[in-house]
Amino acid sequence: MNRKGIIALSPLAVFILLYLVTSIIAGDFYKVPITVAFLLSSIYAVIVCGGIPTRGGMSITERISIFSRGASMGNMMLMLWIFVLAGAFANTAKVMGSIDATVNLTLSVLPGNMIYAGLFMAACFVSISVGTSVGTIVALTPIAAGVAQSTGMSVPMLTSVIVGGSFFGDNLSFISDTTIAATSTQGCKLSDKFRVNTFLVMPVTLALLIIYGIIGSGIQSPQDVADVSPFKVLPYIVVLVTAICGMNVMAVLTIGIMLTGCIGIIDRTFDVFGWFAAMGDGITGMGELIIITMMAGGMLELIKANGGIDIAISLITKHIKTKRSAELSIAALVGMVNVCTANNTVAIITTGGIAKQIGDRFGIDNRKCASILDTMSCCVQGVIPYGAQMLMAAGLAAVNPVSIMPYLYYPYLLGVFTILAIIMRYPRRYS
């Protein structure tokens with residue numbers, strides 16, 4: 001990699017050093033606030049990316065303009081609105097008692113040894129129905145966190161179960177953005193890509209259900225579960241049903257907020273002003289998440305504008321010689337771009353054309369190429385601590401995103417299995 005490439009990608013290295021490496025050395029992931037790590041790496045990106053103005057490089061004003069453009073892109077602002085609504089809904093549901101009621105219902109229905117597997121299956125079902133990992137995380141993370149607190153289980157562990165299951169549907173669903181992007185760029189049918197994906201996803205899912213069953217074998221259900229108030233469970237039921245029916249996630253969350261307000265006022269849990277206060281506290285609680293998302297978007301836009309992603313692509317595709325290495329390069333390519341963009345759909349769209357060219361040149365089945373793009377992007381998106389899904393889950397569960405990472409069994413296992421499948425030429429009929 002040349003000097004320009006190193007400089008273009010260096011803000012990511014600065015962030016990793018400031019946050020991950022420093023926190024590991026200190027033994028405490030709260031020593032360096034993630035907002036500070038992003039602030040310093042963003043300042044560094046503005047300074048070094050764009051060259052020296054006196055030598056034909058961009059001025060500071062131009063660099064700040066690019067940073068601001070990345071922080072305020074359409075998909076970024078849409079995500080921020082979802083964060084605001086999710087914060088308002090999560091906190092009003094908590095204050096109104098919806099989370100406690102749903103947790104009690106979950107504990108009364110699921111035996112203790114099935115809590116991990118049951119929540120994972122619920123996340124898989126919801127995500128494949130709604131086609132979005134974010135929507136699944138918004139709906140189920142508060143329940144998982146509540147179950148963990150009621151049973152004394154690990155909050156990061158149960159949160160990771162929801163995050164993993166959310167990417168099951170993000171990868172497989174016919175209405176998922178990643179599925180549509182992968183099949184569109186590779187010129188194959190949604191159903192064909194789905195069939196190839198099942199060969200990769202189902203063995204991992206079944207193995208993980210067994211693992212979760214073994215992990216949960218020693219867990220006992222609480223004996224003093226409180227009575228369930230059906231009306232207080234209603235907001236989550238409505239949110240899940242409307243999301244499964246395909247309603248826009250912002251509309252779903254708005255309905256949830258209105259419903260929690262109405263039930264809370266009728267139940268006299270709070271009055272109108274108490275409802276407003278609960279919404280305000282929930283929105284305020286998402287402040288750090290919103291700041292992180294905007295700074296990450298700005299920094300990654302600077303990296304992209306200075307050719308960092310293009311350089312990463314050329315570096316990865318430089319030594320392709322066989323069909324196996326071509327498939328591995330496609331997996332590495334979409335993974336690398338996903339790390340740089342923190343958005344799996346954008347990563348697929350960015351690399352889809354190049355992946356198609358590589359696939360056509362080395363005779364790779366379009367269906368398998370689409371499957372590799374979608375699967376690897378979801379695996380990477382599912383483990384990066386600054387991705388929208390991890391940040392959302394961490395925010396709703398009130399934990400550090402890095403504390404969730406060791407327990408993300410599904411994306412880790414799926415990523416390893418996908419690489420092994422490429423090396424072993426599995427599934428054979430598509431290889």
Side chain [X], main chain [Y], donor-acceptor under 3.5 Å:
X    : Y    : value
D271 : F273 : yes
R63  : M58  : yes
S98  : V233 : no
T198 : R195 : yes
S127 : C124 : yes
T92  : F89  : yes
T185 : G352 : no

Under the salt bridge (charged side-chain N to carboxylate O under 4.0 Å, His left out) rule, collect the residues that match up with K356, sequence neighbours excluded.
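Partners of K356 under the salt bridge (charged side-chain N to carboxylate O under 4.0 Å, His left out) test: D360.
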Under the side-chain contact (heavy atoms from CB on, under 4.5 Å) rule, collect the residues that match up with T61, sequence neighbours excluded.
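Once residues adjacent in sequence are excluded, the partners of T61 under the side-chain contact (heavy atoms from CB on, under 4.5 Å) criterion are S59.
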Contacts of L12 that satisfy side-chain contact (heavy atoms from CB on, under 4.5 Å) - sequence neighbours left out
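Only M299, L300, I303, V339, C340, Y386 meet the side-chain contact (heavy atoms from CB on, under 4.5 Å) criterion with L12.
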Mind listing the closest non-hydrogen atom pair of [X] and [Y] along with its distance?
X    : Y    : value
L140 : A123 : CD1-CA, 3.5 Å
I60  : V46  : CD1-O, 4.4 Å
V161 : Y116 : CG1-O, 3.6 Å
L259 : P235 : CD2-CA, 3.7 Å
G187 : N366 : O-ND2, 4.3 Å
P411 : G164 : CD-CA, 4.1 Å

Minimum side-chain heavy-atom gap [X]-[Y] below 4.5 Å:
X    : Y    : answer
Q381 : M390 : no
L40  : V14  : no
W275 : T260 : yes
F231 : D267 : no
V196 : D365 : no
F167 : T136 : no

Have S377 and N338 got a donor and an acceptor in their side chains that come within less than 3.5 Å?
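Looking only at side-chain atoms, N338 and S377 do not form any donor-acceptor pair under 3.5 Å.
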Straight-line distance of [X] [atom1] to [Y] [atom2], nearest 0.5 Å:
X    : Y    : atom1 : atom2 : answer
F120 : M114 : CZ    : CE    : 12.0 Å
M295 : I292 : CE    : CD1   : 6.5 Å
L391 : L396 : CG    : CG    : 11.0 Å
L200 : D374 : CG    : CG    : 10.5 Å
L253 : M250 : CG    : CE    : 8.5 Å
E301 : S42  : CD    : OG    : 12.5 Å

Checking side-chain contact (heavy atoms from CB on, under 4.5 Å) for the pair I211/L413: CA distance, chi angles, key distance, verdict?
CA-CA 12 Å; I211 292 171; L413 287 174; 4.2 Å; yes
Under the criterion side-chain contact (heavy atoms from CB on, under 4.5 Å), I'd like the reasoning laid out for L208 against L414: C-alpha separation, chi angles, the key distance, then a yes or no.
CA-CA 10 Å; L208 193 53; L414 183 59; over 6 Å; no
Surrounding [atom1] of [X] (heavy atoms of other residues, nucleotides or ligands, distance under 6.0 Å), is the total greater than 12?
X    : atom1 : answer
F199 : CZ    : yes
M424 : CE    : no
M405 : CE    : yes
M121 : CE    : no

Apply the test side-chain contact (heavy atoms from CB on, under 4.5 Å) to residues M376 and I419: give CA-CA distance (whole Å), side-chain angles for both, the deciding distance (0.1 Å), then the verdict.
CA-CA 9 Å; M376 289 308 299; I419 297 300; 4.3 Å; yes
Testing N197, N171, T179 one by one against S371 for a side-chain hydrogen bond (donor to acceptor under 3.5 Å, both in side chains), which residue passes?
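So the option named by the test is N197.
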Apply side-chain contact (heavy atoms from CB on, under 4.5 Å) to I290 and V84, showing your working.
CA-CA 8 Å; I290 292 170; V84 168; 3.8 Å; yes
Look at the rings of Y212 and Y409 and say which category their plane angle falls in: under 30° parallel, 30 to 60° tilted, over 60° perpendicular.
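The rings of Y212 and Y409 sit tilted, inter-plane angle from 30° to 60°.
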